[in-house]
Amino acid sequence: MKHTLTQQFNRVTEAAAIAGFEWLGRGDKNLADGAAVTAMRQQLNAMPIDGTIVIGEGEIDNAPMLYIGEKVGQSSDLQVDIAVDPIEGTRMTAFGQGNALSVMAVAEAGTLLHAPDMYMEKLIVGPAAKGVIDLHLSLEDNLRRISQALQKNLSDLTVSILDKPRHAPVIAALYQLGVRVFTFPDGDVSASLLTCFPDQPIDVMYGIGGAPEGVISAAAIRALGGDMHARLLTREQVKGSSAEHCLASREETTRCQAMGLTLGQVLRLDDLAKSDNVLFSATGITDGDLLKGVAASESSITTHSVVIDGQRQTQQWIKTVTTPDPITTKYLPT
Ligand code: VTB
Ligand code: MG
Ligand code: MG
């Protein structure tokens, strides 16, 4: 990706974060999401790319979304796959909680997993444990292999996991094994990335979250040299067999078949993000472990972002102070 393009891609998550921030603490997830989606779409459509949204978030909770298969950008010969989550953490934004981000991954066309918006089981580690994970094996076996690779005792290993009722048995088993467990209410993209930063205490991220978040995380994990295995799961497998969940699962299964995906198959990092020419951009909406959130004053708005470039092997940590447009008084990074 060209350097100027990386800056433009960062503006996409900046704009979405600012738009979402305007709905911070208003108790309405969909209004926040809708504003961020609109801002993201507007910015993407102004870019010199021929982009395809390969996976987007929204179907699971019927949120407004950038549609899977939607074309974005001013037509150009730069064909790219884009995975988006305009607000990763609509609940956190609506209720003023920490760790909400706007996130996006961009890669050469045909290299990001094209999948429906459904659930995904994820096992993620940093560079020091690359190559030792295998989702065909039990979680316990994986943790033993990881602790060996990291030359740590199991009791010194820290695993992060979404604090959801579906994970209660896994969390209990993790305590039995003696590993340290960090639970978090929402936002597994941030938790996934933290495995790749040596100054962070998390060694492993495990659990069932969203597939779009999984593909976006995979792009960053690839660029950061970590490793990831995943498995697509139906709503019924994750949430139980009510009539509604069974119907959703049938649709997910049909969509997977149409996209050439086999349910239950273990997806490796290469299946999720095939190319090193991959870019990840995130902007904080609320203060979190990865990034600070948007901060507004009378005269300016400040955002914090990270852009990770797999090809150039760079991380840019960007603080942007924007003043409002004097006519519209809107904060739109251009
Ligand atoms: C997952 C996770 C996200 O929402 O999608 C989760 O990947 C939804 O899980 O990071 P439930 O449907 O069980 O609530 C997030 O935590 C936030 O978007
Ligand atoms: Mg979202
Ligand atoms: Mg999300």
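One-based numbering, in listed order, for ligands and for the atoms of each. Source: prediction; values computed, not measured.
- At least one donor-acceptor pair closer than 3.5 Å links the side chain of Ser102 to the backbone N or O of Pro86.
- Side-chain N/O atoms of Thr320 and Glu14 include a donor and acceptor closer than 3.5 Å.
- The N/O atoms of Arg166, backbone and side chain alike, include one that comes under 3.5 Å of an N/O atom in ligand 1.
- Between O of Ile87 and OD1 of Asp85, the angle at the Mg ion (ligand 2) works out to 90°, rounded to 10 degrees.
- Residues passing the side chain to side chain donor-acceptor pair (under 3.5 Å) test with Lys292, sequence neighbours excluded: none.
- Heavy-atom proximity to Arg91, at under 4.0 Å, picks out these atoms of ligand 1: 14 (O).
- Close approach of ligand 1 to Lys239 is summarised as follows: ligand atoms under 4.0 Å from at least one heavy atom of the residue are 11 (P), 12 (O), 13 (O).
- Some N or O of Gly210 is nearer than 3.5 Å to an N or O of ligand 1, by distance alone.
- Counting heavy atoms under 4.0 Å from ligand 1, residue Lys122 touches it through the side chain alone.
- Using a 4.5 Å cut-off on side-chain heavy atoms (C-beta onward), Val72 and Ile53 make contact.
- The Mg ion (ligand 3) is closest to atom OE1 of Glu88 (considering only N, O or S atoms).
- Salt bridge absent: Asp227 and Arg222 never bring a charged side-chain N and a carboxylate O closer than 4.0 Å.
- By the 4.0 Å N-to-carboxylate-O rule, Glu244 lies too far from Lys239 to be salt-bridged with it.
- In terms of polar-atom proximity, defined here as any N/O pair under 3.5 Å, Pro185 makes no such contact with ligand 1.
- Considering only heavy atoms from C-beta on, Leu267 stays 4.5 Å or farther from His229 through its side chain.
- Looking at Lys164 next to ligand 1, an N or O pair under 3.5 Å apart turns up.
- Listed by chain and residue number, nothing satisfies the side chain to side chain donor-acceptor pair (under 3.5 Å) test with Thr111 (two or more places apart in sequence, or in another chain).
- Between the side chains of Thr52 and Lys71, at least one donor N or O lies within less than 3.5 Å of an accepting N or O.
- Residue-level check: among N/O/S atoms of Glu213, OE2 sits closest to the Mg ion (ligand 3).
- Here is the list of ligand 1 atoms found below 4.0 Å of a heavy atom in Asp186: 4 (O), 6 (C), 15 (C), 16 (O), 17 (C).
- Distances below 4.0 Å separate heavy atoms of Gly89 from the following atoms of ligand 1: 17 (C), 18 (O).
- In the vicinity of Glu88, heavy-atom distances shorter than 4.0 Å reach the ligand 1 atoms 3 (C), 10 (O), 17 (C), 18 (O).
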